[in-house]
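I have placed the structure first, in the form of structure tokens, so that the comments after it can refer back to it.
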Amino acid sequence: MFDIRAIRENPAAFDAGLKRRGLEPLSAGLIAKDEELRAIKTRLQEAQARRNSASKEIGKAKASKDEALASTLMAEVAALKDQLQAGEDKQRDLEAALERELAVLPNIPLADVPEGKDETANVEVRRWGDPKTMPAASLNKPKQHFEIGEALGLMDFEAAARMSGARFVVLKGQLARLERALAMFMLDIHTGEFGYTECQVPLLVRDQAMYGTAQLPKFEEDLFQTTGENRFWLIPTAEVSLTNLAREQIIDEAALPLRYTAWSPCFRSEAGAAGRDTRGMIRQHQFSKVELVSITTPDKSLAEHERMTNCAETILKRLGLPHRTIVLCTGDMGFSAQKTYDLEVWLPGQDAYREISSCSVCGDFQARRMGARFRPAGGKGTEFVHTLNGSGLAVGRTLIAVLENYQQVDGSVLIPEPLRPYMGGLERISKP
RNA sequence: GGAUGGGUGGCCGAGUGGUUUAAGGCAGCGGUCUUGAAAACCGCCGUGGGUUCACGCCCACCGGGGGUUCGAAUCCCUCCCCAUCCGCCA
């Protein structure tokens, strides 16, 4: 969400930002509405001021028993009433209209974000690890994760489909444990080494929380919602719950940055993804993810973004998974982001790099929607915080990456060294 | 599911129709005092809008909306939210 005052002060910069997002200039229309709104406020307040002073005079007139003066004044106030009513209605309508228009505008990319229409314009910034050194490289044709999992008898899409339909899976035995092990491994690093505070958060939230992180009002079709009297949205990511920890709060600058992490299920309708990634666990209606959220001051958010991205990369490195880091171009970034790094892990079964994490800095875009502020040390007043979120990592996709990269000729899967303590010392997953 | 209480500035909290400004306190900021600090004292201390060269002045906002009234934080209606008790339940 943008500050209309900022648009008013620098409309050219605003329109230039929209253009980078592929949008037409909007500042003229927004400013016209804002001017109309402020003109109405001015007229309204003149009438209000007169009504207030007249009302006070009525009080005095009545006190001094001057009934003639009192009734003259009362007639005047009565005449003002219609004018006030109309003005108030108009003001409310205009304010709501302006808010509606602003609420559906995406955040503006930072200057160093590469220009581009779609993912083909994304830019690789670094690459780590060599796929050729992985066990899967010794195979003629590395298998895809679902072939490996099904052959092990530990991954069952049919059973899931019988109860829930497409885009669900049942993991069993050591694969189910692997999912848990990965999550615990990630949480232990983020909390123990990187200073994130582990949270257990609501998975069902109200409209206002979804509005705060900007899933609403524009992306309702991507979400699941409960039925009944009390309707809740199912979170598509713990970013929603963790970022909303700061909503309507005023935080002392000394307490910043706040760093939160949570391992949570995520629910996505995948409404626009029909036909994409239909096989396997890549794209599910339900998956688990370890999420990272930071709340910072404006001057620290860019450094925090690099730090957060590094935290996510660290997980991939420790697991020995080859990956690359790319910066998303203006046309491929999410709605709330100013800048986004995606981490893509190597999947030998697909012979491709696939997204496993997305780390975004949002500036004050979400904070303004949530009313999340901080009190500058030694200063007056409050300012909006900056918010960041990133996956650290998507657990389901990490499981896929482990299966595909560590698969063996005999169909078993080696367990990366650092995960073994979380697997009770197990070195290899074989057919039970 | 049944019953009740409540929503006022960063926080606590007074305010049941006006003539005096949402009192007072806490926290915060600045100052006086002090070797330094504490204490004490003084001052400042919500958001948005309008106006002004500026100092300032004016208006709105007491959960949202509607209504009554010359005038509403205060009375009425409605919606949202929070809490407590009872019942049921992991």
Side-chain angles (χ1 to χ4, degrees), chain A residues 1-9 30-100 102-103 200 202-212 216-217 225-226 228-233 244-256 258 295 297 364 367-385:
Chain A
M1 180 81 95
F2 297 103
D3 183 356
I4 186 67
R5 281 174 295 176
I7 297 172
R8 204 193 294 155
E9 278 162 28
L30 292 167
I31 289 171
K33 272 212 175 62
D34 179 51
E35 273 172 8
E36 188 184 357
L37 174 61
R38 284 182 295 133
I40 284 168
K41 282 185 173 180
T42 305
R43 265 186 280 133
L44 196 55
Q45 80 172 43
E46 282 163 4
Q48 283 163 335
R50 178 56 200 150
R51 180 198 62 192
N52 290 352
S53 62
S55 291
K56 278 174 188 163
E57 288 171 41
I58 290 167
K60 284 178 191 160
K62 292 216 165 181
S64 61
K65 301 257 192 276
D66 187 347
E67 291 299 334
L69 178 58
S71 50
T72 306
L73 288 165
M74 281 163 75
E76 185 188 348
V77 172
L80 278 171
K81 208 178 162 181
D82 287 344
Q83 197 183 325
L84 284 167
Q85 186 64 58
E88 283 169 13
D89 290 347
K90 184 78 182 159
Q91 177 187 343
R92 199 165 27 252
D93 291 349
L94 268 172
E95 272 171 348
L98 198 55
E99 160 105 15
R100 270 198 308 277
L102 289 171
Q200 284 284 339
L203 308 178
L204 303 175
V205 300
R206 287 189 220 282
D207 292 9
Q208 57 187 33
M210 286 295 185
Y211 184 87
L216 292 179
Q225 188 178 28
T226 64
E229 199 76 359
N230 236 332
R231 303 181 83 177
F232 291 103
W233 300 98
N244 273 283
L245 286 172
R247 81 172 292 115
E248 290 162 45
Q249 298 294 300
I250 297 176
I251 302 159
D252 282 333
E253 181 171 358
L256 297 174
L258 296 173
I295 311 290
T297 51
D364 64 5
R368 180 170 286 110
R369 287 170 169 254
M370 292 190 301
R373 295 172 288 168
F374 74 99
R375 194 180 299 285
K380 277 188 184 177
T382 60
E383 283 181 59
F384 289 114
V385 297

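Per chain, numbering begins at 1; letters A, B, ... match sequence-line order.
A straight line from CG of A:Leu37 to C1' of B:rC61 spans 15 Å, rounded to a whole angstrom. Computed from coordinates, the A:Ile250 CD1 to B:rC12 P distance equals 12 Å when rounded to whole Å. The distance between atom CG of A:Asp34 and atom P of B:rG48, rounded to the nearest whole Å, is 13 Å. We find that CD of A:Glu383 is positioned 16 Å from C1' of B:rG10, with the value rounded to whole Å. A:Glu95 has its CD atom 13 Å from the C1' atom of B:rU47, to the nearest Å. Atom P of nucleotide B:rG49 and atom CG of A:Leu94 are separated by 15 Å, given to the nearest angstrom. Taking atom CD of residue A:Gln208 and atom P of nucleotide B:rC80, one finds them 13 Å apart after rounding to whole Å. Distance, A:Ile40 CD1 to B:rU51 C1': 18 Å, rounded to whole Å.
A side-chain donor-acceptor contact under 3.5 Å links A:Asp3 to the backbone of A:Arg5. Between the A:Asn244 side chain and the A:Ala209 main chain, a donor and an acceptor come within less than 3.5 Å of each other. Looking only at distances, a side-chain donor or acceptor of A:Arg247 sits under 3.5 Å from a matching main-chain atom of A:Gln208. Judged by distance alone, the side chain of A:Thr382 and the main-chain N or O of A:Arg373 form no donor-acceptor pair under 3.5 Å.
Using the Watson-Crick or G-U wobble rule with both distances under 3.5 Å, B:rC61 pairs with B:rG46. In a base pair of the Watson-Crick type (N1 to N3 plus N6-O4 or O6-N4) or a G-U wobble (N1-O2 and O6-N3), with each distance short of 3.5 Å, B:rA73 is matched with no nucleotide. Across every strand in view, B:rA3 sits in a pair with B:rU84 that passes the Watson-Crick or G-U test at under 3.5 angstrom. Searching all strands for a Watson-Crick or G-U wobble partner of B:rU34 with both distances below 3.5 Å returns nothing.
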Stepwise, does the side chain to side chain contact (heavy atoms under 4.5 Å, CB included) test hold for A:Ile4 with A:Leu30?
CA-CA 8 Å; A:Ile4 186 67; A:Leu30 292 167; 4.2 Å; yes

Would A:Ile295 and A:Leu256 count as a side chain to side chain contact (heavy atoms under 4.5 Å, CB included) here? Give the steps.
CA-CA 7 Å; A:Ile295 311 290; A:Leu256 297 174; 4.1 Å; yes

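The side chain of A:Arg375 places no N or O atom within less than 4.0 Å of a non-bridging phosphate oxygen (OP1 or OP2) of B:rG10. Within the structure, a side-chain polar atom (N or O) of A:Arg5 is placed less than 4.0 Å from OP1 or OP2 of B:rG49. Contact check, A:Arg206 against B:rC82: a side-chain N or O comes under 4.0 Å of OP1 or OP2.
Only the C1' atoms considered, B:rC45 is 8 Å distant from B:rG28, to the nearest whole Å. Remark: the separation of the C1' atoms in B:rC62 and B:rA23 is 14 Å, to the nearest Å. To the nearest whole angstrom, the two P atoms, one in B:rA14 and one in B:rG87, are 32 Å apart. If you take atom C1' in B:rC33 and the same atom in B:rC41, they sit 9 Å apart, rounded to whole Å. Between the C1' atoms of B:rU51 and B:rG65, the separation comes to 30 Å (whole Å). Atom name P, nucleotides B:rG6 and B:rU20: the rounded distance is 31 Å, in whole Å. Going from the P atom of B:rG67 to that of B:rG13 covers 33 Å, rounded to whole Å. With both ends at atom P, the span from B:rU4 to B:rC79 equals 16 Å, rounded to whole Å.
Residues A:Ile7 and A:Leu102 meet the side-chain proximity criterion, which asks for heavy atoms closer than 4.5 Å.
Listed here is the closest heavy atom pair of A:Ala372 and A:Ala246: CB-O, 3.3 Å.
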Close N or O pairs between protein and nucleotides 65-67 of chain B (under 3.5 Å):
| unit_1 | atom_1 | unit_2 | atom_2 | d |
| --- | --- | --- | --- | --- |
| B:rG66 | OP1 | A:Arg92 | NE | 3.2 |
| B:rG66 | OP1 | A:Arg92 | NH1 | 3.1 |
| B:rG66 | OP1 | A:Arg92 | NH2 | 2.2 |

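Put simply, CG on A:Leu94 and CD on A:Glu99 are 13.0 Å apart, with the number rounded to the nearest 0.5 Å. In this structure, CD on A:Glu383 lies 12.0 Å from CD1 on A:Ile250, to the nearest 0.5 angstrom.
Between A:Asn230 and A:Ala39, the residue anchored nearer the 5' end of RNA chain B, judged by the nucleotide with its closest heavy atom, is A:Ala39.
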Letter per nucleotide, 5' to 3', of nucleotides 4-9 of chain B [B base touched, S only sugar-phosphate touched, - untouched; heavy atoms, 4.0 Å]:
------

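The cationic group of A:Arg369 lies under 6.0 Å from the six-membered ring centre of A:Tyr211 and within 45° of the ring axis, placing it in a cation-pi geometry.
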